[in-house]
Amino acid sequence: MVASPAPTVIGQAPRRGRVLLPTIIILGALVIGFVLFTSFYTDWLWFDSVGNTSVYTTQLTTRAVMFGTFGLTMAVVIGGTMWLAYRIRPVVTPLTQEQAGLERYRASLAPFRVLITFVVTFLVSLLAAISASSEWSNFLQWRNATDFGITDPQFGLDLGFYVFTYPFLRFVLGFAFTAVILAILLAIAIHYLYGGLRLQPKGDRASVGAQVHLSLLIAIFLLLKAAAYWLDRYGLMVKSEALVQGFTGMKYTDANAVLPALTILTFVALLVAVLFLVNVLVRNWVIPTIGLGLLVGSSTLIGGVYPAIVQQFQVRPSELVREQPFIERNITATRSAYGIARADVQDYAGTVDPPSPEVIAANSGTLDNIRLLDPALASPTYNQLQQIRAYYSFNDTLDVDRYMMEGGRRGAVVAAREINIAGIPENQRNWANDHAVYTHGYGFVSAYDNTALTNGQPDFFESDIPPEGLLDIEQPRIYFGELSPVFSIVGGPEGLPPIELDYPDDASPTGQVNNTYTGTGGVRVGSLLHRLLFATKFQDSNILLTDLINEESRILWDRPPLTRVEKIAPWLTLDQNPYPAVVNGRIVWFVDGYTTTNAYPYSSRISLGDATSDSITVRSGSSAIAPIDQLNYARNSVKAIVDAYEGTVTLYAWDESDPILQTWMKAFPGVIQPKAQMPAEMEAHVRYPQDLFKVQRVVMSRYHVTDPATFYNGTDFWIVPFDPTQTIQQFQPPYYLTLQMPGQESPTFSLTTTFAPQRRPTLAAFMAVDSAPGDGYGTIRVLQLPSNTTIPGPTQVQNNFESDPEISSELSLLRRGGSEVDLGNLLSLPFNGGLLYVEPVYLRATQDGYPLFRKVLAAYGGNVALEDTLDEALAKVLSTDPNPTPEPTPGPSPDPQPTPTPTPGPEPSGDPLTDLQTALADAQAAYDRGREALARGDFAAYGEAQAELEDALRRAAEAEARLLGEDAQPA
């Protein structure tokens, strides 16, 4: 007899399954919960480390309130709709084939009905809550809205309504539409499933409960539609359409056709909503359906066809006349929104006359401060001369600042020597070195911007390791910088041997000096819990296992200045060019923050990415620049300071009158400090931000035109010229220069740019903004040249350089013999009623070379020069008549002074090599005579020497051509 299997074996598998699945679910929930806890808690620790936990808690609380409020609202609407539709289902359904088929589905779904209702409600509500929580910034702006003190010209509402209230109302209305539409769809589905709606009629097509339910939902939808039509009236003030290159706001058709149409449609929608409310009692669908058709027809005819007819037959035949008042509104609003309304635009003669000694003396503040060190080219030179070790590095583009010296304030090109773990030799790359040894940069390098050493190297006044120079740096370590590693473990108790590499020292037995971080930056990571949290955060088990962490260790992360400011002030749009400075012996980073919006009525929108892109910084889109790419209002409202050693972030309200800033200061009280609290030593290094200036110059290129008719025609628009020294077609970047504009009593540190007319290579205007702190800070000055000016623009000047025979020949000689010529920034300077152009020329070896300053290109009017020094180049272009002289007519000359003519050179000897050597020797002699004449101030002798030099270079070129021609002959 065979024994039957034990019953316990048969029942174990199901019981195991019943235990295993819940266990997996619980473990999964615990893991997800721990990961979420890690994210939230480590973020709180980061904010605590910078003393701004209120920013994090306010964001978190606001998100939670939005999440809960809108999620619960959606749950009530969706769950209530599903429950009510089932609750009022018909008890008995007609016996039709349709209902017989549906009965099978009803029977199948009956055991899971409650679960399905819960799951659908939960998922829809969760998605709605997540979407709503992302609108926390709109909620805070609505909750803390500040008036602009300016009313719009159409409705008389304060502009704060459009900037703060309108976006949040739009979100709420959109959320309500989504909830009601989903409710209608679910109600229709459930009523159909349970027989409340029937396609095969046997009796009524809809039950009483279904009719009442759907009538109420449709009425609510129509009430929301009426509210949307009413709100759309205000939306006309901020809509953007291309009437004239990005025109924003209401136009003639909007004001005289669309606006009345929206008002009419509002009342039509209200009327139809009332019909559906009445239908709850009457339950006769004929009249509500007719009303719904009336609304659709009215929307098509009144809201679409009628405005099109007005546009076609009233506006287009006389568009300028119709649109002129609205163009004027657009001009006024745009100039105000971008801060150019108070720009000082003055006519500039655009004449080019030989300067007198008095003119040169009066412009000495400009001529003595011409920047010759190009920050866009100097990085390889700084790396070669001041990198010290491969694991240090400087940014690709250096920064311009100024420092007070014994002789006064001097311009400087500055850079922070940061750690770069990519430069660590591959055989030394390991976890300990990457995260515990190579933790920080060291030192600050600065050179005068208007001089260079005789060998072409920068003239450093702060350099080397340890720091040597004039800035008295007390704390040279850079733990928070643009190139800092993702995270570093630093710090330790007293008495423990330091392991962090401080700087190399050949005198040390180990070849280096080590350091232990003693600052307060970062978060303590010594406890087991914190090690586990950060190992989870960075997905790095070494944090949990390493023995390099002790009870005093701290972990530093989110270290770049832009990242730190962005986390503390997420409502700001940040300038993408932070710059370092030495203030009171410490290295700090300056970051400019902007308050922006795209909801300023009538102001034209521009792309931030496109406007701020130039030949140095090529950008596209807004992914790394701002939450929104299209904006129509900007203010430099905040200056942020990040300490390079401690990592502390201090925000100062730079434009305290800005309503958007005031709104955020109410939302986050105590986070932003008053401007008056910024130390004077720190304020001395404030400068006008580049990104804002780039935006303003794009706006100014069109909105310097204030006459509506001229603006409509677009005939007087300017363009920002492309950088003529680069092969890519990108805007010429603005340049920081110390110069004296007409009407100014002394030179001022300024940010400058040029404009060119459309389709012409000449100059249209020059713009500069005062960048030095003080009463004049932010004052925009524009020199507008006559439309018939012959002053060359940057592109034409660069072409004049390249096409000049003497300059072209000398540049060709420089480019030979294993060398490359790098052209520096082409600087434009107002001078003597015209424009003076200066461009440094750098020479570098083709193989692993770095740029060294060698020569200067200068242009004034029709004069161009390429010389070894700036003084020589200026003397050459300013000592002769810069205006082209027409050919003289035959007859006696009234001028008894002959023009300098070169002494005839020797006749060709027949040997091209000998002729070349002779010509080069003559060229050197003429060059030496010219320098001696320049030193004596004898411009006449200098002119003769230059003529002889030109003749010698011509003979050298001819001899070289003959020599190359003989070499090319077949043997």
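FYI, the numbering just counts along the sequence from 1.
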**Q** Under a 4.5 Å cut-off applied to non-hydrogen side-chain atoms, are Ser39 and Lys537 in contact?
**A**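 Ser39 does not reach Lys537 side chain to side chain.
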**Q** Classify the side-chain pair Asp770/Thr748 by whether it contains a donor and acceptor separated by less than 3.5 Å.
**A**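 On atom types as modelled, these side chains do not qualify, holding no pair under 3.5 Å.
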**Q** For the residue pair Ala599 and Val238, what are the closest heavy atoms and their distance?
**A**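 That closest heavy-atom pairing would be O-CG1, 3.3 Å.
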**Q** Could you check if a side-chain atom of Ile419 sits within less than 4.5 angstrom of a side-chain atom of Ile478, using non-hydrogen atoms only?
**A**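 Side chain of Ile419 against side chain of Ile478, heavy atoms only: no contact under 4.5 Å found.
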**Q** Does the distance from a Lys or Arg side-chain N to an Asp or Glu carboxylate O, for Asp254 and Arg233, drop under 4.0 Å?
**A**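 Salt bridge absent between Asp254 and Arg233.
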**Q** Looking only at non-hydrogen atoms, find the nearest pair between Tyr382 and Ser446 and report the distance.
**A** OH-C, 4.3 Å
**Q** Tyr338 and Tyr633: aromatic ring centres closer than 6.0 Å?
**A**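 Centroid separation for Tyr338 and Tyr633: 6.0 Å or greater.
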**Q** Under 6.0 Å between ring centres: does that hold for Phe755 and Phe766?
**A**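 No: the rings miss the under 6.0 Å criterion.
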**Q** Could you walk me through whether Ser604 and Asn632 pass side chain to side chain donor-acceptor pair (under 3.5 Å), step by step?
**A** CA-CA 6 Å; Ser604 289; Asn632 67 354; over 6 Å; no
**Q** What's the separation between atom CG in Leu483 and atom OG in Ser393, rounded to the nearest 0.5 Å?
**A**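 Between Leu483 CG and Ser393 OG, I get 5.5 Å after rounding to 0.5 Å.
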**Q** For a 4.5 angstrom cut-off between non-hydrogen side-chain atoms, does Leu608 reach Thr612?
**A** yes
**Q** Which atoms form the tightest heavy-atom contact between Met700 and Ile780, and what is the distance?
**A**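 That would be CE-CG2, 4.5 Å.
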**Q** Measure the OG1-CZ distance between Thr69 and Phe175 for me, rounded to the nearest 0.5 Å.
**A** 9.5 Å
**Q** Would you mind reporting whether Arg697 and Val782 have side-chain heavy atoms less than 4.5 Å apart?
**A**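 No, side chains not in contact.
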**Q** When rounded to the nearest 0.5 angstrom, what distance separates OG1 in Thr753 from CD in Gln690?
**A**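 Rounded to the nearest 0.5 Å, the OG1-CD separation comes to 11.0 Å.
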**Q** Under 6.0 Å between ring centres: does that hold for Phe70 and Phe139?
**A** no
**Q** Are Leu60 and Phe40 close enough that some pair of their side-chain heavy atoms sits under 4.5 Å apart?
**A** yes
**Q** Please check if the side chain of Trp589 supplies one atom and the backbone of Phe480 the other of a donor-acceptor pair under 3.5 Å.
**A**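 At least one qualifying donor-acceptor pair exists.
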**Q** Do Lys666 and Thr146 have a side chain donor and acceptor closer than 3.5 Å?
**A**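 Yes, Thr146 and Lys666 have a side-chain donor paired with an acceptor closer than 3.5 Å.
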**Q** Are any of the side-chain nitrogens in Arg586 or Asp643 under 4.0 Å away from the carboxylate oxygens of its partner?
**A**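 Judged by the 4.0 Å cut-off on N to carboxylate O distance, Arg586 and Asp643 do form a salt bridge.
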**Q** Less than 4.5 Å apart, any side-chain heavy atom of His685 and any of Phe590?
**A**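 His685 vs Phe590: side chains touch.
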**Q** For Tyr703 together with Phe711, are the ring centres under 6.0 Å from each other?
**A**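 Yes, close enough.
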**Q** Heavy atoms, side chains only, cut-off 4.5 Å: are Asp723 and Phe731 in contact?
**A**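 Sidechains of Phe731 and Asp723: no contact.
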**Q** Of the non-hydrogen atoms in Asp147 and Asp158, which two are nearest, and what is the gap between them?
**A** CA-OD2, 3.3 Å
**Q** I'd like to know if the side chain of Asp152 pairs up with that of Tyr602 as donor and acceptor (distance under 3.5 Å, no hydrogens or angles considered).
**A**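 There is no such pair between these side chains.
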**Q** Is there a donor in the side chain of Thr248 and an acceptor in the side chain of Ser603, or the other way round, less than 3.5 Å apart?
**A** no
**Q** Might you work through the side chain to side chain contact (heavy atoms under 4.5 Å, CB included) test for Gln696 and Tyr688, ending with a clear yes or no?
**A** CA-CA 12 Å; Gln696 288 176 323; Tyr688 201 83; 2.8 Å; yes
**Q** Return the minimal non-hydrogen interatomic distance between Tyr162 and Pro167, and the atom names on each side.
**A** O-CD, 3.3 Å
**Q** Can you tell me if Gln758 uses its side chain to pair, donor with acceptor, with the backbone of Ile719 under 3.5 Å?
**A** no
**Q** Could you walk me through whether Trp718 and His704 pass the side chain to side chain contact (heavy atoms under 4.5 Å, CB included) test, one step at a time?
**A** CA-CA 9 Å; Trp718 302 333; His704 68 279; 3.3 Å; yes
**Q** Could you tell me whether the side chain of Ser607 and the main chain of Asp610 form a donor-acceptor pair under 3.5 Å?
**A**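 Judged by distance alone, yes, a pair lies under 3.5 Å.
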**Q** With Glu683 as reference, evaluate Trp654, Tyr652, Tyr777 under the side chain to side chain contact (heavy atoms under 4.5 Å, CB included) test and give the passing residue.
**A** Trp654
**Q** Establish, from distance only, whether the side-chain atoms of Arg371 and Tyr735 form a donor-acceptor pair under 3.5 Å.
**A** no
**Q** Does either side chain, that of Glu482 or that of Asn395, offer a donor lying less than 3.5 Å from an acceptor on the other one?
**A** yes
**Q** Decide side chain to side chain donor-acceptor pair (under 3.5 Å) for Tyr736 and Arg687; before the verdict, give the C-alpha distance in whole Å, the side-chain angles of both, and the deciding distance to 0.1 Å.
**A** CA-CA 9 Å; Tyr736 287 105; Arg687 68 184 193 185; 3.2 Å; yes
**Q** Assess, by modelled atom type and distance only, whether the side chains of Gln732 and Ser615 contain a donor and an acceptor separated by less than 3.5 Å.
**A** no
**Q** Between Ser637 and Asp655, do the side chains contain a donor N or O and an acceptor N or O under 3.5 Å apart?
**A**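 No, no side-chain donor-acceptor contact under 3.5 Å.
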**Q** Does the ring of Phe749 carry Arg409 above it, NZ/CZ under 6.0 angstrom from centre and within 45° of its axis?
**A** no
**Q** Take Ile568 and Val671 through the test side chain to side chain contact (heavy atoms under 4.5 Å, CB included) and record every step on the way to the result.
**A** CA-CA 8 Å; Ile568 292 176; Val671 174; 4.1 Å; yes
**Q** How close do Pro580 and Asp399 get, counting heavy atoms only, and between which atoms?
**A** CD-OD2, 3.5 Å
**Q** Using the benzene-type ring in the case of Trp, are the ring centres of Trp571 and Phe668 under 6.0 Å apart?
**A**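 When the ring centroids of Trp571 and Phe668 are compared, they turn out to be within the sub-6.0 Å range.
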**Q** Out of curiosity, Glu646 CD to Leu556 CG, how far, rounded to the nearest 0.5 Å?
**A**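 If we round to the nearest 0.5 Å, Glu646:CD and Leu556:CG are 10.5 Å apart.
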**Q** Taking atom types as modelled and ignoring hydrogens, do the side chains of Asp396 and Ser379 form a donor-acceptor contact shorter than 3.5 angstrom?
**A**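 The answer is no; no qualifying pair exists.
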**Q** Can you see whether Gln141 engages Thr663 through a side-chain donor-acceptor pair at a distance of less than 3.5 angstrom?
**A** no
**Q** As a test of understanding, state which of Phe168, Phe164, Tyr166, Trp136 forms a ring pair (Phe, Tyr, Trp, His ring centres under 6.0 Å) with Trp142.
**A** Phe168
**Q** Could you check Asp558 against Arg564 for salt bridge (charged side-chain N to carboxylate O under 4.0 Å, His left out), going step by step and ending with a plain yes or no?
**A** CA-CA 6 Å; Asp558 284 345; Arg564 298 182 77 78; over 6 Å; no
**Q** Once you round to the nearest 0.5 Å, how far does CD of Glu135 lie from CG of Leu140?
**A** 11.5 Å
**Q** Distance alone, cut at 3.5 Å: any donor-acceptor contact between the side chains of Asp575 and Tyr594?
**A**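 Present: a donor and an acceptor within the cut-off.
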**Q** Between Ser657 and Arg635, is there a side-chain donor-acceptor contact under 3.5 Å, judged purely by atom types and distance?
**A**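 Short answer, no.
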**Q** Does the side chain to side chain contact (heavy atoms under 4.5 Å, CB included) test come out yes or no for Met682 and Ile641, once each step is laid out?
**A** CA-CA 9 Å; Met682 192 171 289; Ile641 309 298; 3.4 Å; yes
**Q** CG/Leu827 to CG/Leu737 distance, rounded to the nearest 0.5 angstrom?
**A**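 If we round to the nearest 0.5 Å, Leu827:CG and Leu737:CG are 5.0 Å apart.
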**Q** With the threshold set at 4.0 Å, does a side-chain nitrogen-carboxylate oxygen contact exist between Asp614 and Lys694?
**A** yes
**Q** In the structure I gave you, are the side-chain heavy atoms of Val642 and Val565 within less than 4.5 Å of one another anywhere?
**A** yes
